[in-house]
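Lettering follows sequence order; numbering is per chain, from 1. Both backbone and side-chain heavy atoms feed into the values below; hydrogens, waters and symmetry mates do not. Note that this is a predicted model, so its numbers are computed, not measured.
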There are 2 protein chains.
Amino acid sequence: MKCKSNTYHIFFRNLANPIKTKIISALKEKEMSVSEISKKIKVEQSKLSHALASLRFCSIVQSKQRGKQRIYYLNKQTIIPILKIIDKHKCKFCKYK
Amino acid sequence: MKCKSNTYHIFFRNLANPIKTKIISALKEKEMSVSEISKKIKVEQSKLSHALASLRFCSIVQSKQRGKQRIYYLNKQTIIPILKIIDKHKCKFCKYK
DNA sequence: AACTCATATGAATTATTTTTCATATGAAAT
DNA sequence: ATTTCATATGAAAAATAATTCATATGAGTT
């Protein structure tokens, strides 16, 4: 399955959204259920579910069922190298404070 | 100058936009004036100037004057490592075709 | 099978980004 | 100093994305 160049902006929409980046940061520490994430980053459930759907869609997170809860975890293989680079460069990136 | 975590989404807004990623791709080959970019990626001048302002703002591109023309070039130090990772992973990223 | 708890989904609203278009600026040439 | 060519800017309109809220689904419990 080959992909067109110039489609990666769809992936980066996820990193361009503060709630989604907060989810990613939270999941860097450990896998969590939706309600745990919600409590941790103080985002309401439905909003979170929409954000998670988008992250899932681009394979940034994956999930598994545990009882009634759905556990989300980072798909580290794809996202961690990018996060490393961000950590390294983010202070130079932008003139925003 | 220290920067807050969770602000890097502002940087990634640039990569989340197809015109901006096209500009980046074009400038990977060589530096170009606005009108050259415009011709190359078939984007109208004013739209391009707005996009370039945003890229400039986040230090993704820089520019210099050459006669009447303004030459844009990639700030490779910050963007190239990210592009490398994108090239490596982009086929896995997303379920879009 | 009815109930509860956890999460997902859809549609309408709201907010944010992009696009467009008219105009301003700025460098070089006359 | 006026004109021309190249680019930038601002504001309104259009497009797109995020939020909200009501409701659906689905796993486990009774």
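D:dA8 atom C1' lies 15 Å from atom CD1 of B:I71, rounded to whole Å. Atom CD in A:Q69 sits about 5 Å away from atom P in C:dT7, given to the nearest Å. If you take NE2 of B:H9 and P of C:dT16, they are 11 Å apart, rounded to a whole angstrom. If you take CE of B:M32 and P of D:dA6, they are 17 Å apart, rounded to a whole angstrom. Between A:K47 atom NZ and C:dA6 atom C1' the separation is 19 Å, expressed in whole Å. Regarding A:H50, its NE2 atom lies at a distance of 11 Å from the P atom of D:dT20, rounded to whole Å. Atom C1' of nucleotide D:dA18 and atom CG of A:L52 are separated by 14 Å, given to the nearest angstrom. Whole-Å rounding puts the A:L55 CG to D:dA18 C1' distance at 14 Å.
Contact annotation: A:S46 does not reach the phosphate of C:dT7 (side-chain N/O to OP1 or OP2, under 4.0 Å). Taking only side-chain nitrogens and oxygens, A:S35 comes nearer than 4.0 Å to OP1 or OP2 of C:dT7. OP1 or OP2 of C:dA6 has not a single side-chain nitrogen or oxygen of A:Y72 nearer than 4.0 Å. Look at A:N17 and you'll find a side-chain N or O under 4.0 angstrom from OP1 or OP2 of D:dA18. Look at A:R56 and you'll find a side-chain N or O under 4.0 angstrom from OP1 or OP2 of C:dA8.
Of the inter-residue distances, the one linking B:E36 atom CD with B:E31 atom CD reads 9.0 Å to the nearest 0.5 angstrom. With values rounded to the nearest 0.5 angstrom, B:K84 atom NZ is found 12.0 Å from B:I82 atom CD1. Considering NE2 of A:H9 and CD1 of B:I24, their distance stands at 12.5 Å, rounded to 0.5 Å.
Under a hydrophobic-cluster definition in which Ile, Leu, Val, Met, Phe, Trp and Tyr are linked whenever side-chain heavy atoms come within less than 4.5 Å, directly or via other members, B:I71 and B:L27 are assigned to different clusters. Tracing side-chain contacts under 4.5 Å through hydrophobic residues (I, L, V, M, F, W, Y), one never reaches A:L15 starting from A:Y73; they form parts of separate clusters.
Remark on DNA chain C: of its neighbouring residues B:Q65 and A:S33, the 5'-side contact belongs to A:S33, judged by nearest-heavy-atom nucleotide.
For B:Q45 and D:dA8, a side-chain-to-base donor-acceptor distance below 3.5 Å is present, hydrogens and geometry of angles not being considered.
Contact annotation for A:I19: backbone-only contact, meaning every heavy-atom pair under 4.0 Å involves sugar-phosphate atoms and none involves a base.
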